[in-house]
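Worth knowing before you read on, the calculation uses all heavy atoms, side chains too, and leaves out hydrogens, waters and symmetry mates.
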Amino acid sequence: PEIISEAIMALQVREERAKSEKQAQALTVHKTALLNPTEGTIIGNPDGDITVVEFFDYNCGYCKSMVPAIQEILEEDKNLRMVMKEFPILGQGSLIAARAALASHEQGKYEELHMALLSHKGPLNQQSVIKIANSIGIDVSKLVEDMKNPKINDVLAKNMALAQDLGIEGTPALVIGDTLVPGAIGKNRLLELIADARK
């Protein structure tokens with residue numbers, strides 16, 4: 001039994017190492033797609049010296065739990081740039097919210113709508129998304145029209161493929177420097193990772 005458990009542990013270590021190596025390789029290969037989104041989903045300082053990439057879902061409770069810490073850090077660190085990767089994996093409501101957020105870029109309201117959607121308590125659906133968009137002064141009829149743009153499908157498909165290549169299976173997932181962090185983390189850990197990436 002000891003030999004079997006040792007063999008299993010060795011196999012797990014090998015698998016973890018292989019996964020880490022594959023992720024590191026994927027981070028290098030996809031660096032441009034991660035850091036320079038053509039869809040304009042950047043919040044914070046667009047010219048910041050450090051970039052945090054977040055794969056998230058608007059209906060994800062863990063993503064929502066990180067909003068206060070992210071807002072505080074963006075407020076304190078004027079040199080931080082965040083790239084938001086829409087990754088709607090939690091159903092139809094998530095997909096509608098992601099489409100609306102991407103479409104809001106046409107009206108220069110991405111950051112505002114992004115923060116409003118992630119700060120919303122409770123599940124998001126077509127009705128609540130439109131209500132939130134309206135409350136922050138978005139032209140809703142234009143938004144609904146822009147949500148039909150096929151480019152949005154391309155963005156979401158690319159994000160899905162990117163997440164798959166990076167081995168991201170859930171939300172949130174953060175890429176900070178050369179580090180991929182699955183799951184929600186607190187403000188202190190986030191600050192540590194940002195400081196490490198700056199070094």
Side-chain angles (χ1 to χ4, degrees), residues 23 26-27 30-31 33-46 48 50-75 77 80-105 109-126 128-129 132-133 136 143 147 152-177 179-191 193-194 197:
Q23 268 181 349
L27 284 172
H30 297 296
K31 198 165 196 148
L34 286 165
L35 300 181
N36 303 308
T38 53
E39 62 271 23
T41 52
I42 295 171
I43 65 172
N45 179 355
I50 198 79
T51 301
V52 172
V53 180
E54 182 182 1
F55 286 79
F56 69 96
D57 182 303
Y58 287 114
N59 274 320
C60 163
Y62 296 109
C63 300
K64 288 176 186 283
S65 74
M66 285 184 66
V67 170
I70 287 170
Q71 282 177 319
E72 280 173 30
I73 293 170
L74 284 169
E75 204 49 49
D77 186 344
L80 183 65
R81 175 181 187 267
M82 285 196 72
V83 171
M84 310 314 300
K85 288 287 180 191
E86 311 277 339
F87 189 45
I89 54 173
L90 299 173
Q92 193 58 27
S94 301
L95 187 58
I96 290 164
R99 297 182 78 82
L102 289 166
S104 72
H105 181 60
K109 294 272 192 180
Y110 178 80
E111 185 166 353
E112 241 179 299
L113 185 58
H114 168 77
M115 283 303 189
L117 290 170
L118 264 186
S119 302
H120 176 73
K121 303 273 184 274
L124 288 161
N125 53 36
Q126 179 87 19
S128 55
V129 168
I132 292 163
I136 60 167
L143 182 75
M147 282 169 74
I152 289 177
N153 294 338
D154 295 344
V155 169
L156 294 173
K158 278 179 190 163
N159 287 355
M160 290 288 173
L162 192 54
Q164 200 171 5
D165 275 3
L166 293 168
I168 293 170
E169 290 159 2
T171 54
L174 301 164
V175 177
I176 306 169
T179 310
L180 195 149
V181 185
I185 54 174
K187 184 180 175 183
N188 290 344
R189 180 72 183 123
L190 200 45
L191 287 170
L193 289 161
I194 290 166

Can you see which heavy atom on Ile136 is nearest to which on Lys109, and at what distance? O-NZ, 3.3 Å

Is there a side-chain contact between Val52 and Ile194, using heavy atoms and a 4.5 Å cut-off? yes

All heavy atoms of Asn59 vs all of Gly122, minimum pair found to be OD1-O, 4.3 Å

Heavy-atom nearest pair, Ala26 first then Asp165, reads CB-O, 3.5 Å

Distance check, rounded to the nearest 0.5 Å: Phe55 atom CZ versus Leu162 atom CG? 4.0 Å

Going by heavy atoms in the side chains, are Met160 and Phe87 under 4.5 Å from each other? yes

So how far is it from Ile176 CD1 to Thr51 OG1, rounded to the nearest 0.5 Å? 11.0 Å

Within the structure provided, determine whether Glu39 and His105 are in side-chain contact (heavy-atom separation under 4.5 Å). no

Quickly, which of Asn188, Leu174, Val175, Ile185 forms a side-chain contact (heavy atoms from CB on, under 4.5 Å) with Leu193? Name it, please. Ile185

Using the rule given for side-chain contact (heavy atoms from CB on, under 4.5 Å), can you reason through Leu117 versus Ile132, listing the C-alpha separation, both sets of side-chain angles and the distance that settles it, and then say yes or no? CA-CA 7 Å; Leu117 290 170; Ile132 292 163; 4.0 Å; yes

Does any part of the side chain of Met115, heavy atoms only, come nearer than 4.5 Å to the side chain of Leu74, both counted from C-beta? yes

Could you tell me whether the side chain of Leu27 reaches within less than 4.5 Å of the side chain of Leu166, counting heavy atoms only? yes

How long is the straight-line distance from CE of Met147 back to CG of Leu102, given to the nearest 0.5 Å? 9.5 Å

For Asp57 and Ser94, which heavy atoms make the closest approach, and how far apart are they? OD1-OG, 2.7 Å

State the CG-CG distance between Asn125 and Leu95, to the nearest 0.5 angstrom. 13.0 Å

Which value, rounded to the nearest 0.5 Å, describes the distance between Lys158 atom NZ and His30 atom NE2? 12.5 Å

Is the backbone N or O of Glu86 less than 3.5 Å from a side-chain atom of Asn159, with the two atoms forming a donor-acceptor pair by type? yes

Please state whether the rings of His114 and Tyr110 are parallel, tilted or perpendicular, taking 30° and 60° as the class boundaries. parallel

Residues Arg99, Leu156; criterion side-chain contact (heavy atoms from CB on, under 4.5 Å); working and verdict: CA-CA 9 Å; Arg99 297 182 78 82; Leu156 294 173; 4.2 Å; yes

So, do Ile70 and Leu118 sit near enough that their side-chain heavy atoms are less than 4.5 Å apart? no

Might you confirm whether atom CD of Gln71 has over 12 heavy atoms from other residues, nucleotides or ligands at distances under 6.0 Å? yes

What do you reckon, is NZ of Lys31 surrounded by more than 12 foreign heavy atoms closer than 6.0 Å? no

Considering all heavy atoms of both residues, which atom of Ala100 and which atom of Leu113 are nearest to each other, and what is their separation? O-CD2, 3.7 Å

Check step by step if side-chain contact (heavy atoms from CB on, under 4.5 Å) holds for Val53 and Leu35. CA-CA 7 Å; Val53 180; Leu35 300 181; 4.2 Å; yes

Within this structure, what is the CG-CD1 distance for the pair Asp77 and Ile50, rounded to the nearest 0.5 Å? 9.0 Å

CA sep, side-chain torsions, deciding dist, call: Met66, Leu190, side-chain contact (heavy atoms from CB on, under 4.5 Å): CA-CA 10 Å; Met66 285 184 66; Leu190 200 45; 4.3 Å; yes

Can you tell me if Lys64 uses its side chain to pair, donor with acceptor, with the backbone of His120 under 3.5 Å? yes

Of all the heavy-atom pairs spanning Ile42 and Arg81, show the shortest one and how long it is. CD1-NH2, 3.2 Å

